[in-house]
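First the structure, in the form of structure tokens, and then the observations on it.
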Amino acid sequence: MVVHGTISNYGVATAAGMTDQLADPQTLIVGYNISDCVDLGTGHSKFIFEKPMDSNDYIVVCGITNNNATGRWIPLTFNHTKTGFEYTSNYDDNQYVNKTVQFAVF
């Protein structure tokens with residue numbers, strides 16, 4: 001999913017946020033029901049929920065903004081727990097461009 005613009009209705013999501021992908025460690029610019037972003041290494045972070053989920057069966061939807069065809073980030077989420085999830089951004093070439101990744105948890 002490529003987001004054109006911003007995810008503006010966080011009210012329908014259980015948690016949501018926006019990260020700066022050029023920062024190392026990744027920084028959380030905006031967060032809703034996200035208490036912390038823990039650095040686990042280059043491009044690899046763990047997001048902690050303010051309020052734990054009631055199950056591990058939630059979905060994290062990510063969208064890339066300000067991307068171009070030659071420097072695209074590929075967001076991956078994994079290790080879902082009730083208290084948070086891990087998130088990695090890989091790029092498909094060596095070109096760094098200014099971009100953010102937005103995510104919503106349902």
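Excluded from the calculations below are hydrogen atoms, water molecules and symmetry mates; all remaining heavy atoms, backbone and side chain alike, are included. Residues: numbered from 1 along the sequence shown.
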Exercise. Is the shortest heavy-atom distance from the side chain of V105 to the side chain of F85 under 4.5 Å?
Worked result: yes

For this session: Evaluate the criterion side-chain contact (heavy atoms from CB on, under 4.5 Å) for residue pair F106 and V61; output intermediate values, then yes/no.
Result: CA-CA 8 Å; F106 298 96; V61 178; 4.1 Å; yes

For this session: Mind checking side chain to side chain donor-acceptor pair (under 3.5 Å) for S35 and listing every partner two or more places apart, or none if nothing turns up?
Result: none

For this session: Check whether any side-chain heavy atom of C62 sits under 4.5 Å from a side-chain heavy atom of T77, and report yes or no.
Result: yes

Exercise. Should F47 and L28 be marked as a side-chain contact (heavy atoms from CB on, under 4.5 Å) after you check the CA-CA gap, both sets of side-chain angles, and the distance that decides it?
Worked result: CA-CA 9 Å; F47 292 93; L28 188 65; 3.9 Å; yes

For this session: Check whether any side-chain heavy atom of I48 lies under 4.5 Å from a side-chain heavy atom of V38, and answer yes or no.
Result: yes

Seminar exercise, completed: For E50, the side chain to side chain donor-acceptor pair (under 3.5 Å) test, sequence neighbours excluded, returns none

Exercise. Taking atom CG of N79 and atom NZ of K46, what is their separation to the nearest 0.5 Å?
Worked result: 7.5 Å

Exercise. Would you call the rings of F103 and Y87 parallel, tilted or perpendicular if under 30° counts as parallel and over 60° as perpendicular?
Worked result: tilted

Problem set entry | Student check: side-chain heavy atoms of V60 and H80 closer than 4.5 Å | yes

Exercise. Under the 3.5 angstrom rule, does the side chain of N33 hit a backbone N or O of A16 as a donor-acceptor pair?
Worked result: no

Exercise. T19 and I29: which non-hydrogen atoms are nearest, and at how many Å?
Worked result: C-CD1, 3.9 Å

For this session: Please examine the side chains of D54 and K82, heavy atoms only from C-beta on, and report whether any two atoms are closer than 4.5 Å.
Result: no

For this session: Kindly give the heavy-atom pair with the smallest separation between A15 and I34, and that separation in Å.
Result: CB-CD1, 4.0 Å

Exercise. Side chain of Y58, backbone of T81: donor and acceptor closer than 3.5 Å?
Worked result: yes

For this session: With sequence neighbours excluded, tell me which residues meet side chain to side chain donor-acceptor pair (under 3.5 Å) with D36.
Result: none

